[in-house]
*Asks:* 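One structure, as structure tokens, below. Some questions next.
The chain is numbered in sequence order, starting from 1.
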Amino acid sequence: MHKRNIFSGALVTVMAMSMLAGCQNAPAPQKAPEEVLKEGMAKLQEVKAYKFEVAMKGDVKDELGKAVNFDFVLGGAADSIDAKDPKVSLKLDGSMSDGTSGAGGNASAELRLNKENVYFNVMKLDLKGEGAPPLPEELTSLFGKWYVVPLPPEVQAEMAAGMEEGNAATMTPEMAAMTKAWEDSKVLAAPQYVGTENIMGESSYHYSVTVDKAALAQFLKKVAESQGEAVTDDDVTQLEEGLKAVDLKGDVWVGTQSGVMNQVIVSVNMKASDASDGASGNFMVRFTAGDINKPVTLQIPPAEPFPTDALMGLMGAGAMMDPSALDPSMMDPSLIDPSMMDDSSMMLVDPSEGVVGDLSSDMIDTGAPVE
């Protein structure tokens, strides 16, 4: 029976946060490693414009031995220096496949957003493997073209208000409490200075860190309780047992000039065992940032209005989905939730469940641009 795991999303969240504990000849920082990392994370939370890249790559197996390989890169830039004139640019390239049969696919797409419109372009969506359904021409004919969807005035107002609040200098009480809980937990163990390296054009201090798994379990308990979960001693014991089957390796970089945490690399190796529910494999997550607080220039592509009616007809004809499951309101742009554009919540693979979990901005904030 699959074990209950109340920490599925929070576990991966803090795996990345736990890492926050060609070389150049720059001198080592005078401050203690713990202080450099603490200040680097705090300054990251104040960033209002930056370029970034998030990469995920892995090869994992579930308890039945079914393998999944994935390789995704999400890059882009974000700017909320002027909360009433936000700019976001995203580009996704990725692939996923069944390591046994080879079934899977790959995709690439771009999205750009300003205060008035969302622009998007699906360049490629290929499915492969035995049994993969062919994509209808009505759909593939939409690929490789830029489309625009206007943001209704009420959505624009909500987005501006959200960013204005997010740009405030003070943290919310919840964030402040979680930050203090993290500092008190002492999860980071013996961060070691490695040297200096160039990260997106900035000379940066490199540290390697280890993780105190018992402290991590206690912090995860606090995370779960802050979200309204009732956590028992048995739950904590189960989590501690699960962590025994996971090897964590982390590295973090902090800019020598900006003082901002500008790169985190997390490597996770899962050993097949009862504690891991038989799951095994490894994956890597990397977050990199650069051009800190430099205004972003958003290139507006020549685009045509998105053919909503044509796509609705395609769906209604059953070419893509069961028409009984079609909800026309899903295509209403007035229902766009601006918080869905928030890249302070990154989606990562949860090693304990083989599903996607949430990397909350309470744990690692990629900056204020998209709050």
*Asks:* A side-chain contact here means heavy atoms from C-beta on lying under 4.5 Å apart; do Phe287 and Met261 qualify?
*Replies:* yes
*Asks:* I need the minimum non-hydrogen distance between Pro305 and Tyr147, along with the two atoms involved.
*Replies:* O-CD2, 3.7 Å
*Asks:* Using the rule that Ile, Leu, Val, Met, Phe, Trp and Tyr join whenever any side-chain heavy atoms are under 4.5 Å apart, tell me whether Leu298 and Val47 fall into a single cluster.
*Replies:* no
*Asks:* Using a 3.5 Å distance criterion without hydrogens, assess whether the side chain of Asn121 forms a donor-acceptor pair with backbone atoms of Lys145.
*Replies:* yes
*Asks:* I need the full list of ring-ring contact (aromatic ring centres under 6.0 Å, His included) pairs touching residues 84-105, with sequence neighbours left out, sorted by first then second residue.
*Replies:* none
*Asks:* Starting at NZ of Lys61, measure out to NZ of Lys66 and round the result to the nearest 0.5 Å.
*Replies:* 13.5 Å
*Asks:* Nearest 0.5 Å, please: how far is CG in Leu151 from CG in Leu113?
*Replies:* 5.5 Å
*Asks:* So which pairs with a foot in residues 78-131 pass ring-ring contact (aromatic ring centres under 6.0 Å, His included), sequence neighbours left out?
*Replies:* Phe120-Phe306
*Asks:* Spell out, as yes or no, whether a donor-acceptor pair under 3.5 Å connects the side chain of Glu240 to the backbone of Ala217.
*Replies:* no
*Asks:* Could you point out which residue of Thr196, Asn262, Asn198 forms a side-chain hydrogen bond (donor to acceptor under 3.5 Å, both in side chains) with Ser204?
*Replies:* Asn262
*Asks:* With sequence neighbours left out, write down each residue that passes salt bridge (Lys or Arg N to Asp or Glu O under 4.0 Å) with Asp247, or none if nothing qualifies.
*Replies:* Lys271
*Asks:* For Asp85, enumerate each residue passing the salt bridge (Lys or Arg N to Asp or Glu O under 4.0 Å) test, keeping only those at least two apart in sequence or located in another chain.
*Replies:* Lys87
*Asks:* Applying ring-ring contact (aromatic ring centres under 6.0 Å, His included), which residue pairs with at least one partner in residues 86-110 are found, sequence neighbours left out?
*Replies:* none
*Asks:* Checking Glu35 now: which residues fulfil salt bridge (Lys or Arg N to Asp or Glu O under 4.0 Å) with it, not counting sequence neighbours?
*Replies:* none
*Asks:* Would a single hydrophobic cluster contain both Leu92 and Val285, if residues Ile, Leu, Val, Met, Phe, Trp and Tyr are joined by side-chain heavy-atom contacts under 4.5 Å?
*Replies:* yes
*Asks:* Under the 3.5 angstrom rule, does the side chain of Thr232 hit a backbone N or O of Asp235 as a donor-acceptor pair?
*Replies:* yes
*Asks:* Is there a path of hydrophobic side-chain contacts, each under 4.5 Å between heavy atoms of I, L, V, M, F, W or Y residues, that connects Val118 with Val296?
*Replies:* no
*Asks:* Can you check side-chain hydrogen bond (donor to acceptor under 3.5 Å, both in side chains) on Thr237 and Asp234, steps first, answer last?
*Replies:* CA-CA 5 Å; Thr237 299; Asp234 287 342; 5.1 Å; no
*Asks:* What do the steps show when you test Leu248 against Val268 for side chain to side chain contact (heavy atoms under 4.5 Å, CB included), and what is the final call?
*Replies:* CA-CA 5 Å; Leu248 305 174; Val268 179; 4.0 Å; yes
*Asks:* How long is the gap from CG on Leu239 to CG on Leu216, to the nearest 0.5 Å?
*Replies:* 7.0 Å
*Asks:* Quick one: CD on Gln156 to CD on Glu158, what's the gap to the nearest 0.5 Å?
*Replies:* 11.0 Å
*Asks:* Is any side-chain heavy atom of Pro191 closer than 4.5 Å to one of Glu34?
*Replies:* yes
*Asks:* Check Asp59 against Ala67 and note the closest heavy-atom contact, atom names and distance.
*Replies:* OD1-CB, 4.4 Å
*Asks:* Of all heavy-atom pairs between Val73 and Ala55, which one has the smallest distance, and what is that distance?
*Replies:* CG2-CB, 4.2 Å
*Asks:* Using the rule that two of Ile, Leu, Val, Met, Phe, Trp, Tyr join whenever any of their side-chain heavy atoms come within less than 4.5 Å, decide whether Val266 and Phe70 are in one cluster.
*Replies:* yes
*Asks:* Classify the ring geometry of Tyr50 against Phe52: parallel below 30°, tilted from 30° to 60°, perpendicular beyond 60°.
*Replies:* tilted
*Asks:* Looking only at heavy atoms, which two atoms of Tyr193 and Pro29 are closest? And how far apart?
*Replies:* CE1-CD, 3.6 Å
*Asks:* Between atom OG of Ser267 and atom NZ of Lys57, what is the distance when rounded to the nearest 0.5 Å?
*Replies:* 12.0 Å
*Asks:* Taking only residues two or more places apart in sequence, or in another chain, which ones meet Ala215 in a side-chain contact (heavy atoms from CB on, under 4.5 Å)?
*Replies:* Val187, Asp212
*Asks:* Measuring from Leu220:CG to Glu225:CD, what's the distance to the nearest 0.5 Å?
*Replies:* 11.0 Å
*Asks:* Taking the side chain as every heavy atom from C-beta outward, state whether Val54 and Phe72 have any pair of such atoms under 4.5 Å apart.
*Replies:* no
*Asks:* Would you give me the side-chain donor-acceptor pairs under 3.5 Å for residues 288-295, sequence neighbours excluded?
*Replies:*
{"residue": "Thr288", "atom": "OG1", "partner": "Gln263", "partner atom": "OE1", "Å": "2.7"}
{"residue": "Thr288", "atom": "OG1", "partner": "Arg286", "partner atom": "NH1", "Å": "3.2"}
{"residue": "Asp291", "atom": "OD2", "partner": "Lys51", "partner atom": "NZ", "Å": "3.3"}
{"residue": "Asn293", "atom": "OD1", "partner": "Lys48", "partner atom": "N", "Å": "2.9"}

*Asks:* Which atom pair, heavy atoms only, marks the closest approach of Ala109 to Val122?
*Replies:* CB-CA, 4.1 Å
*Asks:* Can you name the nearest heavy-atom pair linking Pro152 to Pro150, along with the distance?
*Replies:* CD-O, 3.5 Å
*Asks:* Quick one: side-chain contact (heavy atoms from CB on, under 4.5 Å) partners of Leu125, sequence neighbours excluded?
*Replies:* Ala107, Leu135, Phe143
*Asks:* Lys128: what forms a side-chain contact (heavy atoms from CB on, under 4.5 Å) with it, not counting sequence neighbours?
*Replies:* Ser97
*Asks:* Tell me whether Val148 shares a hydrophobic cluster with Val88, the cluster being built from Ile, Leu, Val, Met, Phe, Trp, Tyr side chains joined at under 4.5 Å.
*Replies:* no
*Asks:* Under the side-chain contact (heavy atoms from CB on, under 4.5 Å) rule, collect the residues that match up with Glu110, sequence neighbours excluded.
*Replies:* Lys91, Arg112, Met123, Trp146
*Asks:* What I want to find out is whether Lys249 reaches Asp251 closely enough, with some N-O distance under 4.0 Å, to be called a salt bridge.
*Replies:* yes
*Asks:* Are more than 12 heavy atoms, taken from residues, nucleotides or ligands other than Glu137, located less than 6.0 Å from that residue's CD atom?
*Replies:* no
*Asks:* Could I get the full list of salt bridge (Lys or Arg N to Asp or Glu O under 4.0 Å) partners for Glu39, not counting sequence neighbours?
*Replies:* Lys31
